[in-house]
Structures are given as C-alpha cells and as structure tokens.
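Computed from a predicted structure; not experimentally measured.
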Amino acid sequence: MPYRGILPIMALLLAFSSFPVHADAPPGAETTHPKEAAVVSSAHKSRERATPTLAMLRKKHADIFKMCGPHTQQIALTFDDVPDSRYTPQVLDILHANGIKATFFIVGHRAEKHPGMIRRIVREGHALGNHSYTHPDFRKASPERFRNQIKKTEHILEATVGFRPKLIRPPYGEITEPQLQWARRHGYMIVNWNVDSLDWKGLSKTQIQRNVIPATGPGSIILMHAGGGQSSNLKGTVQSLPGLIQSLKAKGYKFVTVPRLLHTSERK
C-alpha cells in the first residue's frame, strides 16, 4: 500500500523539525541566548559610558577645562610647539610690530635647547603655558608618564624664567578624566581652543586666514603654531599673521593673553 511508505517518512520529518535550527551559525558554533546577548550589549554600553568624550569632560570640569573665554570683544592668539629657532623669532617680531600679546605653549625638550627664546617671550610681555616635555598623546600615557611630562617642563621653565605656569595645553588637545582630576588637585588649568588655523599642515597664508578670521568670535582662543619638527613648514603662519591681526582688529577685537582672557593667574 502506498500510504504505508509515506507515514514513516512523515514521522521522521516531524521528529527532526523539533530541533532548533540556526541557519546563520557555522557548524559547531555556539549560539548566544537572547538574555546573554542583552548582558553583553549592556556591558559594552557601560564601557562606552565609562570613557567620557572631551565635550563631556569640558562640561563636567568647566571651571578648569577651557576652550574659549567670556563672550566679550577680547580674543587670544596662542602658539604651540615652541620654541623653534626658525619660526618663533619671526612670530615674535610680528607680534611686537603690531603691539600684540599672545600665549606660547612650551615643549620642554625644545625649551632646553633655546632658553634665551623663552626669556624673550616673557620679556616682551607674552604668557607661557606647559605643552608637555616630548609632545605625547596623553590618552596613551600612564599616570606616571603624564605627571613626569608636566613636571619636567615645569622645572625647566622655572629654572629659565623663575616661575611655574598654571596653564597646560595637552598635546593634540587630548586628556583623560583622571588627568584632569590630578590637574585640579595641583592647581592647574587646562586650555584648548575653539578656532583651529590648521597651520601645522603647511597651509598657505590665504588658507590660514580663511580658517581663522570667519571662525573667530567674542572670547575665541585661536590655535596656531610657532614651532615644530624639522619637516614642519610654518611659512604660511608667518605670512598670514599681519593680515589676520589687522582683519580681526578691524572687527573690533582686542588681543589679550589667555590668563587675562580667562581672568586667571599665569603662574602657579
């Protein structure tokens, strides 16, 4: 009888259909229970929440982590990666000719090579800040290395000009919350920027002015460079400065140092 052959086959099909099948899992692979997946996802989100962004850190530590000043007609020019025998003297000459006071963030190992340039910066009325000893990414630095980078540059500057700067600009603008907490305990202020010239890319005079002038507003802190590695090309920075200064003056802005803009002390 034909039905006798069909019945056993149907029984087998029904038996196999009772086993769970994961079509997207490779042979032998374990599958994750939905509750386990939820726990893994929650742990991943917790790790993300445990690492705050720079924006979150600025909001949480607004009293010591600054990127701009009060909403006034005062603005601050800042120069990183100094001193540099090629570009720093040219920048200082232009600032002097235009009656501008700026803020220079010092890399310690360069300060060791050019102490006279540091003394000139201070003598001409500019402010100093600490920009680490060798310019590492602080996010990747151990607590000990982070502290040493700050303290070593601090000692060099104290020996050169007689004081320890209160301001710290972290290389690349990056810093972690434990580092901010350490800075708070020891009386420092962290200063980033809200206008980036991008001059470190070796841009032309015109490109730098286009990056800075339209972006500058009341209380702006402008990032530029007056030093760098041997391959750096900051000719555009030097060439852009006179026109940049005159354009911003024409808009009614007054150039001041960062300590004056933020109503804080330059020295610890």
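- Distance alone, capped at 3.5 Å, places no donor-acceptor pair between the S247 side chain and the L244 backbone.
- The shortest distance between side-chain heavy atoms of I106 and L157 falls below 4.5 Å.
- A salt bridge between K101 and E124 is absent, with no side-chain N of the basic residue lying under 4.0 Å from a carboxylate O of the acidic one.
- To the nearest 0.5 angstrom, K166 atom NZ is 14.5 Å from H186 atom NE2.
- The shortest side-chain heavy-atom distance between I75 and V256 does not fall under the 4.5 Å cut-off.
- Judged purely by distance below 3.5 Å, without hydrogens or angles, the side chains of R169 and S132 never pair a donor atom with an acceptor atom.
- Looking only at side-chain heavy atoms (C-beta outward), L241 and V91 come within less than 4.5 Å of each other.
- For S85, the side-chain hydrogen bond (donor to acceptor under 3.5 Å, both in side chains) criterion is met by no residue, not counting sequence neighbours.
- Side chain of S220 to main chain of I222: no donor-acceptor pair is present (N/O by atom type, distance under 3.5 Å, no hydrogens or angles).
- Using modelled atom types, one side-chain atom of Q179 and one backbone atom of T176 make a donor-acceptor pair closer than 3.5 Å.
- In this structure, K66 contributes its side chain and A62 its backbone to a donor-acceptor pair below 3.5 Å.
- Side chains of N98 and Q246: a donor on one and an acceptor on the other come within 3.5 Å.
- Without hydrogens or angle criteria, T153 side chain to V107 main chain gives no donor-acceptor distance under 3.5 Å.
- Residue Y133 is tested with H155, R145, E112 for a side-chain hydrogen bond (donor to acceptor under 3.5 Å, both in side chains); the sole match is E112.
- Taking the six-membered ring for Trp and thresholds of 30 and 60 degrees, Y188 and W182 have nearly parallel ring planes, at less than 30 degrees apart.
- Salt-bridge formation is detected for the pair D93/R120: a Lys NZ or Arg NE/NH1/NH2 atom is positioned less than 4.0 Å from an Asp or Glu carboxylate oxygen.
- For the residue pair T257 and E266, no side-chain donor N or O sits within less than 3.5 Å of a side-chain acceptor on the partner.
- N211 and V195 get closest at one heavy-atom pair: O-CG1, 4.2 Å.
- The residues D84 and R110 are annotated as not salt-bridged, no charged nitrogen and carboxylate oxygen being separated by less than 4.0 angstrom.
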- Query: Could you go step by step and tell me if D80 and L223 meet the side chain to side chain contact (heavy atoms under 4.5 Å, CB included) rule?
  - Reply: CA-CA 7 Å; D80 282 9; L223 170 64; 3.3 Å; yes
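- In this structure, the side chain of T88 engages the main chain of A226 through a donor-acceptor pair within 3.5 Å.
- Between H135 and Y172, the closest side-chain pair of non-hydrogen atoms falls below 4.5 Å.
- Inter-residue side-chain proximity for I100 and K249 is flagged as met; some heavy-atom pair is nearer than 4.5 Å.
- With no hydrogens or angles considered, a side-chain donor-acceptor pair links H61 and E177 at under 3.5 Å.
- When only modelled atom types and interatomic distance are considered, Q209 and T206 share no side-chain donor-acceptor pair under 3.5 Å.
- Checked against the 6.0 Å centroid threshold, H131 and F104 do not count as a close aromatic pair.
- With a 4.5 Å cut-off on side-chain heavy atoms, M189 and I168 do not count as touching.
- Scanning all heavy atoms of the two residues, the minimum distance from L203 to S197 falls at CD1-O, 3.8 Å.
- Listed by chain and residue number, E154, E158, K268 satisfy the side-chain contact (heavy atoms from CB on, under 4.5 Å) test with R164 (two or more places apart in sequence, or in another chain).
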- Task: Let me see the working for H126 and L95 under side chain to side chain contact (heavy atoms under 4.5 Å, CB included), right down to the final yes or no.
- Result: CA-CA 10 Å; H126 305 292; L95 296 176; 3.7 Å; yes
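- In this structure, the side chains of F138 and P171 come closer than 4.5 Å at one or more pairs of heavy atoms.
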- Message: Checking T216 against N194 for the side chain to side chain contact (heavy atoms under 4.5 Å, CB included) test, could you report, in this order, the C-alpha distance in whole Å, the side-chain angles of both residues, the deciding distance, and whether it holds?
- Response: CA-CA 8 Å; T216 298; N194 69 333; over 6 Å; no
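- In terms of modelled atom types and a separation under 3.5 Å, the side chain of N233 and the main chain of G202 share no donor-acceptor contact.
- The backbone N or O of G228 lies less than 3.5 Å from a partner atom in the side chain of R86, making a donor-acceptor pair.
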- Would F105 and T78 count as a side chain to side chain contact (heavy atoms under 4.5 Å, CB included) if you check the C-alpha gap in whole Å, the side-chain angles of each, and the deciding distance to 0.1 Å? CA-CA 7 Å; F105 287 94; T78 67; 4.0 Å; yes
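- By the 4.5 Å heavy-atom criterion applied to side chains, F65 and K59 are not counted as neighbours.
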